[in-house]
Amino acid sequence: MNAVRKEDIYTLEDIYALPDGQRAELIDGQIYYMAPPSWEHQKLSGKMYQNIANYIDEKNGKCEVLAAPFAVFLNEDDINYVEPDLSVICDTSKLDDKGCHGAPDWIIEIVSPGSKSRDYMTKLFKYHAAGVREYWIVDPMKQMISVYNFEKDDLEQYDFGEDVPVGIYEGFFIKAGE
């Protein structure tokens, strides 16, 4: 009979020990290395960040929008660490110099070829379980945005160029892919 080898479980200590410049996420003790984002990815992220930040400023809002690389510790453990492309945090007591401790209100992930299954499956489950209120998956290859409103247990899909309503902000729309 063969002995079953227990998979290695990595922790935050392993993430912090990575060489400078090496980006990775830690989900349930497994390390997922991240390739540098493409210019299209960065352009999309930058435009969306700008729209969200401008809206919050215009409304004198208390929420903070933060772009990757920014640490989000979803759970109070040392085996989960993610860097969403954009995070909107309305309870600023969750923020400190290390990152966000607990679920952001709204997370946006921009799909790249290497992150597709993580964004559509692994992170979808983790974000829902952690208490994220709204999760957007922006897919440049499909030219589509999937909007998960976890509070309403709802999924809507939009094409690039359409006005996408933001669930956590009444009357706010973003047009991705402009």
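The first residue of the sequence shown is numbered 1, and numbering continues consecutively from there. This is a predicted model, so every value here is computed, not measured.
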S.K.: So, do Val147 and Leu155 sit near enough that their side-chain heavy atoms are less than 4.5 Å apart?
M.R.: no

S.K.: Is there a side-chain contact between Ile15 and Tyr10, using heavy atoms and a 4.5 Å cut-off?
M.R.: no

S.K.: Can you name the residues that form a disulfide bond (SG atoms under 2.5 Å apart) with Cys100, not counting sequence neighbours?
M.R.: none

S.K.: Does Glu109 come within less than 4.0 Å of Arg118, counting only side-chain N to carboxylate O?
M.R.: no

S.K.: Could you pull out all donor-acceptor pairs under 3.5 Å where a side-chain atom in residues 55-73 meets a protein atom, sequence neighbours excluded?
M.R.:
none

S.K.: Tell me which donor-acceptor pairs under 3.5 Å the side chains of residues 136-145 have, and how far apart each pair is, sequence neighbours excluded?
M.R.:
residue: Trp136; atom: NE1; partner: Glu134; partner atom: OE2; Å: 2.7
residue: Asp139; atom: OD1; partner: Met141; partner atom: N; Å: 3.1
residue: Asp139; atom: OD1; partner: Lys142; partner atom: N; Å: 3.2
residue: Asp139; atom: OD2; partner: Tyr120; partner atom: OH; Å: 2.6
residue: Gln143; atom: NE2; partner: Pro140; partner atom: O; Å: 2.9

S.K.: Closer than 3.5 angstrom, by distance alone: can the side chain of Asp14 be matched with the main-chain N or O of Thr11 as a donor-acceptor pair?
M.R.: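 Flag set: sc Asp14 to bb Thr11 pair under 3.5 Å.
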
S.K.: Roughly how far, to the nearest 0.5 Å, is OH of Tyr81 from CG of Asn75?
M.R.: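 Those atoms lie 14.5 Å apart.
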
S.K.: Kindly give the heavy-atom pair with the smallest separation between Met34 and Ala24, and that separation in Å.
M.R.: SD-C, 3.9 Å

S.K.: So Pro165 and Tyr158, do their side chains get closer than 4.5 Å, heavy atoms only?
M.R.: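 When only atoms from C-beta onward are counted, Pro165 and Tyr158 do touch, with a gap below 4.5 Å.
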
S.K.: Taking side chain as C-beta onward, heavy atoms only, is Val132 less than 4.5 Å from Pro104?
M.R.: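 Side-chain contact under 4.5 Å: yes.
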
S.K.: In terms of relative ring orientation, are Tyr148 and Tyr135 parallel, tilted or perpendicular, with 30° and 60° separating the classes?
M.R.: parallel

S.K.: Is there a side-chain contact between Asp85 and His41 (heavy atoms, below 4.5 Å)?
M.R.: yes

S.K.: Heavy-atom distance under 4.5 Å between the side chains of Asp28 and Lys126, does that happen here?
M.R.: yes

